[in-house]
Amino acid sequence: MASRVVIVGGGFGGLYAARALAKAPVRITLIDRHNYHLFRPMLYQVATGLLADDEIARALRTIFSANKNVDVLMGEVKGVDAARRFVQLDQFDVPYDYLILATGIRYNYFGHDDWRTVAPGLEALEEADEIRDKILLAFERAEKLAATGEATREAVCALMTFVLVGAGTVGVEMAGTLAEMSRITLRNDFRHIDPSEAQILLYEAADRILPPYPASLAAKAQRHLETLGVKIFTKTRVTEVDEQGIVADGHRVLAGTVLWGAGVLASPAGQWLGAKVDRSGKIIVNSDLSVPGHPEIFAIGDTAHVVAPARNLLGMKNKKPMTMPGVAQPAIQEGEYVARLIRRRIADKPAPPPFSYKDKGDLAIVGRAYALADLRFVRFAGFLAWVVWAAVHIYFLIGFTNRFLVMVRWGFAFLTKRRQALIFPGQLEKRDDGGASTSSA
Ligand SMILES: Cc1cc2nc3c(=O)[nH]c(=O)nc-3n(C[C@H](O)[C@H](O)[C@H](O)COP(=O)(O)OP(=O)(O)OC[C@H]3O[C@@H](n4cnc5c(N)ncnc54)[C@H](O)[C@@H]3O)c2cc1C
């Protein structure tokens with residue numbers, strides 16, 4: 001009987017592992033709580049109305065429709081029985097011979113999980129839609145309040161204040177895009193408010209923004225954000241989040257919208273196995289990405305703490321082994337590596353050498369037509385970096401139709417400075433309970 005490979009998580013790691021195994025003599029069960037693969041790097045484009053949900057996501061079932069040995073199951077994995085080799089799905093158990101855990105991360109609210117409802121973080125499509133609605137509703141509420149002619153300037157200003165907690169890549173990208181949206185896209189769309197007066201406040205507890213980037217690039221990003229009107233507060237800790245806004249270093253800041261991007265925690269996969277984990281809960285894996293004590297279980301992507309030798313795009317080797325960052329490339333390369341290892345084990349061939357990483361560098365977008373590129377052997381910021389960012393991200397979108405549509409949509413948005421996905425389903429009044437408390441603040 002063909003070996004049974006169960007993959008939990010249809011993100012970058014799980015998807016690329018399944019693709020690389022799809023032609024092997026194995027039976028694959030790919031399990032995800034969503035029925036789609038999501039291109040997370042473009043999630044904030046959905047959250048700010050540039051792209052629609054289906055332009056950055058594709059049904060897993062469609063991706064594997066031609067691979068009869070791939071069984072896609074939509075469900076929530078609750079645990080793993082490693083002794084009996086079963087994955088515990090919400091309603092039944094799924095047996096495996098090999099298990100690949102690629103369950104990603106969630107945001108860390110540092111013990112304040114109740115903040116999650118007030119200050120969502122950009123994780124999946126649900127949150128992107130929720131955030132887009134929050135942003136649009138904030139402007140709609142401000143317009144309605146200003147139209148009464150009785151509102152105080154402070155109340156309208158509070159509704160048009162957007163707080164971003166955490167100045168990592170997601171916070172910086174959101175701040176830049178929000179600035180573009182309020183200063184350019186929505187500029188002429190309201191009659192009683194001026195969206196370009198929206199305040200965008202970015203808070204970071206560390207002493208600078210973009211900690212994973214070289215200081216010189218982070219400084220350029222900061223200057224660019226400031227020219228877009230974003231106010232940046234470094235070395236400032238947010239200690240309270242509620243419907244009225246935040247408290248930062250003891251000061252109350254009234255804000256209609258608070259968004260979270262401050263820190264991440266790995267999924268509970270490490271707890272399922274009782275495995276050794278690092279501070280953020282990532283499973284500390286062996287050099288072949290297997291979980292210590294379980295040669296048939298692998299953890300990859302954001303679920304795993306991987307330290308491996310690395311080479312840059314020019315083939316130059318790093319002096320020291322590198323801890324894999326929480327981005328898509330390690331997840332993709334680890335997924336493909338584990339697939340190769342399983343294929344060789346099944347064919348009774350010697351194991352491949354330990355995992356090593358091809359470090360293609362980092363890219364981040366900071367508003368319209370400006371990005372950062374750290375390709376390790378060269379670093380630059382500005383329009384050229386934005387062109388590289390756009391080309392790479394569109395290239396990696398799954399599926400030709402998506403790529404084509406996104407290129408058209410993006411080109412149109414760039415030329416016309418408009419966004420196409422600026423509607424929210426539902427009615428303002430039905431969602432207005434939060435607005436009442438904010439507006440009276
Ligand atoms: C807003 C945002 C922007 C980003 N921008 C970039 C970028 O520009 N460039 C870059 O390289 N990286 C970026 N990243 C990081 C990148 O997306 C991740 O590093 C990458 O997705 C990790 O891949 P993964 O396979 O480990 O996990 P994921 O892609 O997160 O996939 C995990 C999957 O597991 C599923 N899952 C989790 N738990 C369970 C469970 N219990 N049962 C069933 N299914 C489960 C989830 O639904 C999800 O589909 C960004 C991330 C975010 C959130």
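Since the structure is predicted, the reported quantities are computational estimates derived from the model, not experimental observations. We're numbering straight along the sequence, starting at 1. All ligand and atom numbering here is 1-based and tracks the order in the structure.
Ring centers of F396 and F12: at least 6.0 Å apart, outside the cut-off.
Distance check, rounded to the nearest 0.5 Å: CZ of R345 to CG of D288 gives 6.5 Å.
Inclusion of Y107 in the set of residues having an N or O under 3.5 Å from an N or O of ligand 1 is not warranted. The shortest N or O to N or O distance between V8 and ligand 1 is not below 3.5 Å. The shortest N or O to N or O distance between E173 and ligand 1 is not below 3.5 Å. At under 3.5 Å, not a single nitrogen or oxygen of L363, backbone or side chain, sits near a nitrogen or oxygen of ligand 1.
Of all atoms in ligand 1, numbered sequentially from 1 with element shown, those under 4.0 Å from a heavy atom of G9 are 33 (C), 34 (O), 35 (C). Listed by number with element, the atoms of ligand 1 under 4.0 Å from a non-hydrogen atom of H393 are 8 (O). Taking every non-hydrogen atom of G75 and a distance limit under 4.0 Å, the qualifying atoms of ligand 1 come out as 42 (N), 43 (C). Residue contact check: E76 has heavy atoms under 4.0 Å from atoms 40 (C), 41 (N), 42 (N) of ligand 1.
Scanning the protein for heavy atoms near atom 47 (O) of ligand 1, the closest one is D32 OD1, 2.7 Å.
Ring planes of W115 and H112: parallel class, angle under 30° (limits at 30 and 60°).
For atom 19 (O) of ligand 1, the candidate residues are G326, A102, A331, G14; the nearest heavy-atom contact is made by G326. In this structure, of V327, T103, D302, the residue bringing a heavy atom nearest to atom 37 (C) of ligand 1 is T103. Here atom 28 (P) of ligand 1 lies nearest to R40 when heavy atoms of R40, H34, E123 are compared. Across the listed options L60, L101, V77, V77 owns the non-hydrogen atom lying nearest to atom 42 (N) of ligand 1.
Between H34 and E126, the side chains place a donor N or O and an acceptor N or O closer than 3.5 Å (distance only, hydrogens not considered).
Within the structure, the ring pair (Phe, Tyr, Trp, His ring centres under 6.0 Å) test picks out the following pairs touching residues 199-220 (sequence neighbours left out): Y203-F233.
Residues that satisfy the ring pair (Phe, Tyr, Trp, His ring centres under 6.0 Å) test with H224, not counting sequence neighbours, are Y370.
No part of H37 comes within 4.0 Å of ligand 1, judged by heavy-atom distances.
Cation-pi check for R340 over Y337 is not met; the charged atom does not lie both under 6.0 angstrom from the ring centroid and within 45 degrees of its normal.
Distance check on atom 31 (O) of ligand 1: some protein heavy atom falls below the 4.0 Å cut-off.
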